Amino acid sequence: MTRFYQALRALLTRLADGAPPETLPDGWSDLLGTLVGDYPADASTLMVATDTGLQPVAVLGLPADVRGRHFVLADHPRLAAIASHDAVCRFPPDSPLPDPFDGLLDEALSTVHDCLGVALRDGERLLGVLTLDALEAGRLETLDDEELLAKAHLLATCLRLASQLNQTRSRLSEALDQERQPQPALHWNSPAMRRLDEAIDLVAPTDMCVLLQGETGVGKERVVRALHARSNRHQGPLVQVNCASLPESLIESELFGHRRGAFSGAIQDHRGHFAMADGGTLMLDEIGELPLALQPKLLRALQEGEIQPLGSERVQRVDVRVIAVTNRDLAAEAAAGRFREDLYHRLSAFPLTVPPLRERREDLPLLAGHFLADNRVRLGIGNLRLSADAEAALAAWHWPGNVRELEHTLGRAALRALGDSLGEAGGRDPDTRRQAVVRITREHLDLPDTAAPAPAAPTAAERVPAGTTDRPDEPLRPATERFQRRYIAAALDAHDGNWSATARALGVDGGNLHRLARRLGLK
């Protein structure tokens with residue numbers, strides 16, 4: 001047991017230094033390996049209990065993306081059976097219950113034939129589970145139940161100690177106890193995202209304005225939700241408004257409200273977004289698009305906590321925490337006179353930047369596992385996994401569209417893989433889908449075969465869409481239009497359908513881009 005105690009001591013030291021338990025996959029894997037690494041199992045997991053299910057913190061013999069998946073007990077009857085069992089829970093080889101790891105152990109998409117698990121408890125409270133799986137029936141029969149229960153008790157003690165250390169260092173324990181997110185938080189592998197999470201924890205409990213910057217598709221909205229959920233305003237509303245999507249003539253009314261008769265068409269009073277967010281958080285997305293003429297009124301609302309609806313003679317007090325979001329360099333916009341400098345300084349009381357995906361490649365397996373789990377549920381299939389060549393393709397691509405591009409890529413690939421795996425008839429049968437293990441290959445991803453570039457930010461003009469090939473026998477005009485069509489479509493997809501952002505990325509006038517898109521049949 002010397003190795004176990006050494007691994008435990010190293011893990012507890014890092015926990016005492018302030019690292020959250022979920023962010024130490026190597027430490028937990030070392031601990032798990034000392035206990036079950038010599039067993040004749042092809043895979044093992046240590047999972048911790050969450051509000052809605054189980055989250056792996058250590059995996060042996062399984063892809064790294066499994067740590068990014070969340071296992072809802074209602075969707076996984078074997079895990080539910082283990083969690084409710086008082087002793088070692090063994091499953092017969094012919095058990096009708098689907099195994100959550102079927103198809104994830106090797107490239108042959110093998111089905112697990114031997115499976116057992118032990119619930120880890122603190123009294124009556126479920127802390128997590130230990131699972132062991134083998135590809136051959138009967139391979140785990142020789143394992144001693146008493147030894148397994150003793151090791152499960154050790155792991156439960158480790159989880160309890162980790163939980164206690166985490167609670168004592170958390171100054172937001174009460175808010176975290178009340179917080180209930182529909183999806184469990186991801187615990188990042190990359191130093192950049194860990195630093196961002198620490199900054200979120202620091203500023204969230206305050207009422208400071210936050211300027212959230214980052215490229216399109218990096219996940220800024222998720223950060224806004226985290227800021228609100230971890231704040232003292234988490235029981236209040238979170239109101240989101242996209243400044244770029246509002247007509248300039250209506251922005252003031254949408255933000256501050258209006259009274260009946262204030263202008264033509266105002267047939268009744270209207271509460272603006274500031275009033276809707278009273279007592280909560282207001283997210284101003286694409287703040288760089290806010291017209292200069294309206295910026296002094298926003299500045300007054302931030303400085304004085306007062307708004308004046310159109311057509312009203314009285315000001316209204318509001319208690320709102322503002323988070324401004326942009327993919328522009330707002331400091332440069334202010335220096336160039338396109339954005340008020342005083343408003344910029346007011347909004348950027350605490351600036352945060354979400355790093356692009358190419359600068360945090362360590363998080364790719366976690367994100368991929370998260371999206372694969374979502375698509376497994378959406379498509380109603382038994383399991384969904386990446387082949388080795390698909391993993392290599394994901395790692396090689398530079399992700400100009402960031403996390404959103406990864407999400408869409410995996411969503412499309414999952415659908416293509418399902419079609420290839422089951423065919424039209426099998427794909428429509430719910431029972432066949434629920435038992436299917438579907439593998440995503442490089443071909444399903446449809447990514448260009450290119451290595452990841454240096455960390456420098458790529459422009460849309462540097463991204464050559466997949467499938468663009470030279471055809472010397474084709475006339476120049478249709479070849480040019482075909483290239484333009486694919487090039488613009490790829491840039492539009494990378495910017496999530498935002499034509500203004502696409503025009504800026506391509507370096508063309510917005511009106512010219514719209515006209516070209518109509519001529520090419522893209523609009």
Side-chain angles (χ1 to χ4, degrees), residues 1 4-5 7-8 11-12 21-22 28-29 31-62 66-67 69-102 104-105 111-167 177 184:
M1 298 293 288
F4 167 75
Y5 288 116
L8 177 60
L11 179 64
L12 293 180
E22 303 87 348
W28 287 111
S29 294
L31 195 68
L32 183 62
T34 62
L35 291 179
V36 302
D38 295 332
Y39 283 170
D42 292 297
S44 56
T45 69
L46 172 62
M47 300 188 182
V48 296
T50 68
D51 292 335
T52 56
L54 296 166
Q55 185 78 40
V57 293
V59 297
L60 299 176
L62 288 166
V66 171
R67 273 210 328 111
R69 307 187 186 207
H70 187 258
F71 295 85
V72 179
L73 292 181
D75 295 337
H76 296 284
R78 287 207 191 200
L79 293 178
I82 295 171
S84 62
H85 205 275
D86 292 331
V88 177
C89 184
R90 294 178 179 270
F91 298 90
D94 59 350
S95 172
L97 300 179
D99 191 284
F101 307 120
D102 274 349
L104 297 181
L105 272 70
T111 300
V112 174
H113 293 291
D114 207 353
C115 172
L116 64 81
V118 189
L120 312 178
R121 300 185 186 280
D122 179 16
E124 296 298 318
R125 183 167 67 100
L126 180 69
L127 298 175
V129 300
L130 166 68
T131 70
L132 298 173
D133 291 279
L135 297 176
E136 296 177 10
R139 193 191 297 176
L140 304 179
E141 286 181 355
T142 59
L143 297 184
D144 182 71
D145 283 13
E146 292 301 321
E147 182 180 321
L148 283 169
L149 289 173
K151 292 187 174 183
H153 179 72
L154 285 174
L155 285 173
T157 302
C158 296
L159 290 179
R160 184 169 61 251
L161 288 172
S163 177
Q164 290 170 352
L165 282 170
N166 195 43
Q167 289 173 4
D177 286 341

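Heavy atoms only: backbone and side chains are in, while hydrogens, waters and symmetry mates are out. These figures come from a predicted structure and were not determined experimentally.
Panel note: side chain Asp133, backbone Cys115; no donor-acceptor pair is recorded below 3.5 Å. Between the side chain of Gln55 and the main chain of Phe71, no donor-acceptor pair closer than 3.5 Å is present. With hydrogens and angles ignored, the 3.5 Å screen pairs a side-chain donor or acceptor of His85 with a backbone N or O of Ala87. A donor-acceptor distance shorter than 3.5 angstrom exists from the side chain of Asp114 to the backbone of Arg139, with no hydrogens or angles considered.
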Between side-chain atoms of residues 88-99 and protein atoms elsewhere (two or more places apart, or another chain), which donor-acceptor pairs fall under 3.5 Å?
unit_1, atom_1, unit_2, atom_2, d
Arg90, NE, Asp145, OD1, 3.3
Arg90, NH1, Leu140, O, 3.0
Arg90, NH2, Leu143, O, 2.9
Arg90, NH2, Asp145, OD1, 2.8
Ser95, OG, Leu97, N, 3.3
Asp99, OD1, Phe101, N, 2.8

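In terms of heavy-atom proximity, Met47 sits nearest to Leu54 at SD-CB, 3.6 Å. Listed here is the closest heavy atom pair of Ala81 and Ser84: O-OG, 3.2 Å. For the pair Leu60 and Ser29, the tightest heavy-atom approach, listed with the atom from each and the gap, is CD2-O, 4.2 Å. In terms of heavy atoms, Leu73 sits closest to Ala80 at O-CB, 3.8 Å. Looking at every heavy atom in both residues, Leu126 comes nearest to Ala49 through O-CB, 3.5 Å.
The number of heavy-atom neighbours closer than 6.0 Å to CG of Asp144, taken from other residues, nucleotides and ligands shown, is above 12.
Separation of atoms CG (Leu155) and CG (Leu46) is listed at 5.5 Å; rounding is to 0.5 Å. Here the CG-CZ distance, from Asp86 to Arg121, works out to 6.0 Å after rounding to the nearest 0.5 Å. Rounding to the nearest 0.5 Å places CG of Asp42 at 4.0 Å from CG of Leu135. Between atom CG of residue Leu127 and atom OG1 of residue Thr157 there is a gap of 9.0 Å, rounded to the nearest 0.5 Å. Annotation: the span from Leu120 atom CG to His153 atom NE2 amounts to 11.0 Å, rounded to 0.5 Å. Taken to the nearest 0.5 Å, the NE2 atom of His113 stands 9.0 Å off from the CD atom of Glu136.
Shown here are the side chain to side chain donor-acceptor pair (under 3.5 Å) partners of Thr45, two or more places apart in sequence or in another chain: Thr131.
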